[in-house]
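What follows is a single structure, written as structure tokens, with notes after it.
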2 protein chains.
Amino acid sequence: MGNSETQTRQGGPAGRRYQALADILQDEIETGVYPVGTRMPTELELCNRFSVSRFTVREALRRMIDNGMILRRQGSGTVVVSKNPTTMFVQKLSSIDELLQYSIDTRLKVENSASVEVDAKTAKMIGCDPGDAWHRIESVRYLDEKSPICWSDVYVRPEHQNIADRIGEDTTPVFMVIEKEFGVVAEEVTMDLFAGSIEESKAWVMGVKPGSPTLIIVRKYKDKTGRVFEVSVSEHPAGRFTFSIDLLRSSNSD
Amino acid sequence: MGNSETQTRQGGPAGRRYQALADILQDEIETGVYPVGTRMPTELELCNRFSVSRFTVREALRRMIDNGMILRRQGSGTVVVSKNPTTMFVQKLSSIDELLQYSIDTRLKVENSASVEVDAKTAKMIGCDPGDAWHRIESVRYLDEKSPICWSDVYVRPEHQNIADRIGEDTTPVFMVIEKEFGVVAEEVTMDLFAGSIEESKAWVMGVKPGSPTLIIVRKYKDKTGRVFEVSVSEHPAGRFTFSIDLLRSSNSD
DNA sequence: AACCTATATACGTCCGGACAAATATAATTT
DNA sequence: AAATTATATTTGTCCGGACGTATATAGGTT
């Protein structure tokens, strides 16, 4: 990268200099020049070695941050945290509806609402201890009057139990009602999807044969302290519902 | 932002100037000063209006890009694409394994490999026209010798059919073999999950009763032109497999 | 040895300037 | 009017410099 006279990139490979540098550094990490856990050269050292400005170095490192290969801390330095670029694919959810994957005109109808002590089986499914006190709202989600999509058991904390009255009023998701009403914010949502058989009581409501296949989705909503403030267990009889995910290769242009 | 004398941030609110600017601009977008679909002021105009350098403006706009509010194109300008910061929840897949959700020590065993013309039912499932020519690789994924996890039908383009020999050699995912072998790159992956009943022939191999519930996952791999170059249909008998998604509220400060 | 302090180090923020590359616009030609 | 060309506009890349702020290190104190 001879840069004696000016910086006019004449003769250069039409390339982004920082990208070329990022490629080199990534390669050096992969080949073990900078092992994971160790510290990389400082910005100034990289500037001197490659005869580029700090801007170029920082731009290169910025990309490597996005790729999850390095981690930087002011005053400390740059640490290698991964040998190969991570976050290959990214899913972006642009709205709550995409998260829940229901069109806004579906509606919950509450079948039952009561405080319960969860049994062992449920405790395992929703990820709490047996005997914990939760308020369970049993409901059915309808597309229209005659078309039940899924059975949904919503578990909320006892102190939030009065939100049960609000369910079905409009199409607002339950966790958003809690957010608005009690000020908690869902910082993390985990979803588990697996297949199962529908039990007799629910099968009757859903209009399918007992034991027929269902897609079970367990959603756990956590606030920033990591405390789960809502768990929902939805059972979708086969053919009623498809869960779709669209993953795009992250545009970090490796 | 009175900045008449110098840039030495003396008296300044200890603040990141670009962040303050980003906040202002985001607020102006939300309040309709720059409606969605219209073009925002140029960098130079923002520099003048706020008496900051281009660096600061670009840094602010960069954050708004990450938030999905604006879109920029060289030579063209900056367009508002969203009123409020989108991507409320972001899923990051740190590796291919997370995408496939199998630990690296699972292994595919090919049961059958042949060119087929897809029938109507399969065509609908994998999203192509009936009669289209694909090469189908039927296989079973094992955790160890005795533990089948799922049945997997992998459809690849006829011109890629010879990769069938490579499956099972190591634990590399099929689409990565195609990527490496033929140079195509998966730019987008869509996944559909739903419940179904396992058919008799597969049930026998998987060691479950015919008609028992399964989690069916259909994965479509597209290159950058949008052409699907691989479709895999995996059937996981109930109890064998859980698909987990972890969504984090995107940390774009706001 | 444990604690505090001064210093050096390294990343973060911000400026001004310059040229490159892509796009849009205006002018010209056909 | 349509197509082509020239020009202006706008973002992208890159430089050198300056100072702020957080962290680590070395030194001194208790």
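Each chain gets a letter, A, B and so on, in the order the sequences are listed, and its residues count up from 1.
We find that CZ of Phe55(A) is positioned 17 Å from P of dA18(C), with the value rounded to whole Å. Separating the CD atom of Gln19(B) from the C1' atom of dG12(C) is a distance of 14 Å, rounded to the nearest angstrom. Distance CG (Leu46(A)) to C1' (dA10(C)): 12 Å, rounded to an integer number of Å. Computed from coordinates, the Glu59(B) CD to dC14(C) P distance equals 9 Å when rounded to whole Å. Note: CG (Asn48(A)) to C1' (dT9(C)) measures 15 Å, nearest angstrom. In this structure, Arg63(A) places its CZ atom 10 Å from C1' of dT13(D), rounding to the nearest Å. When the P atom of dC15(C) is taken as reference, atom OH of Tyr18(B) falls 12 Å away, rounded to whole Å.
If you take CG on Leu61(B) and CG on Asp66(B), they are separated by 11.0 Å, rounding to the nearest 0.5 Å. The distance from atom CZ of Phe194(B) to atom CG of Leu215(A), rounded to the nearest 0.5 Å, is 10.0 Å.
Evaluation of the ring-ring contact (aromatic ring centres under 6.0 Å, His included) rule for Phe182(A) yields His160(A) as partners, not counting sequence neighbours.
Salt bridge Glu187(A)/Lys222(A): absent, no basic N to carboxylate O contact under 4.0 Å. Ion pairing between Arg49(A) and Glu45(A) fails under the 4.0 Å rule for side-chain N and carboxylate O.
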Polar pairs (N or O, both sides) under 3.5 Å between protein and nucleotides 4-11 of chain D?
unit_1, atom_1, unit_2, atom_2, d
dT10(D), O2, Gly75(B), N, 3.2
dT11(D), OP1, Thr78(B), OG1, 3.4
dT11(D), OP2, Glu43(B), N, 3.0
dT11(D), O5', Arg72(B), NH2, 3.4

N/O donor-acceptor pairs under 3.5 Å from side chains in residues 123-135 of chain B, not counting sequence neighbours:
unit_1, atom_1, unit_2, atom_2, d
Asp132(B), OD2, Asp129(B), N, 3.2
His135(B), ND1, Ser115(B), OG, 3.2
His135(B), NE2, Ser113(B), OG, 2.8

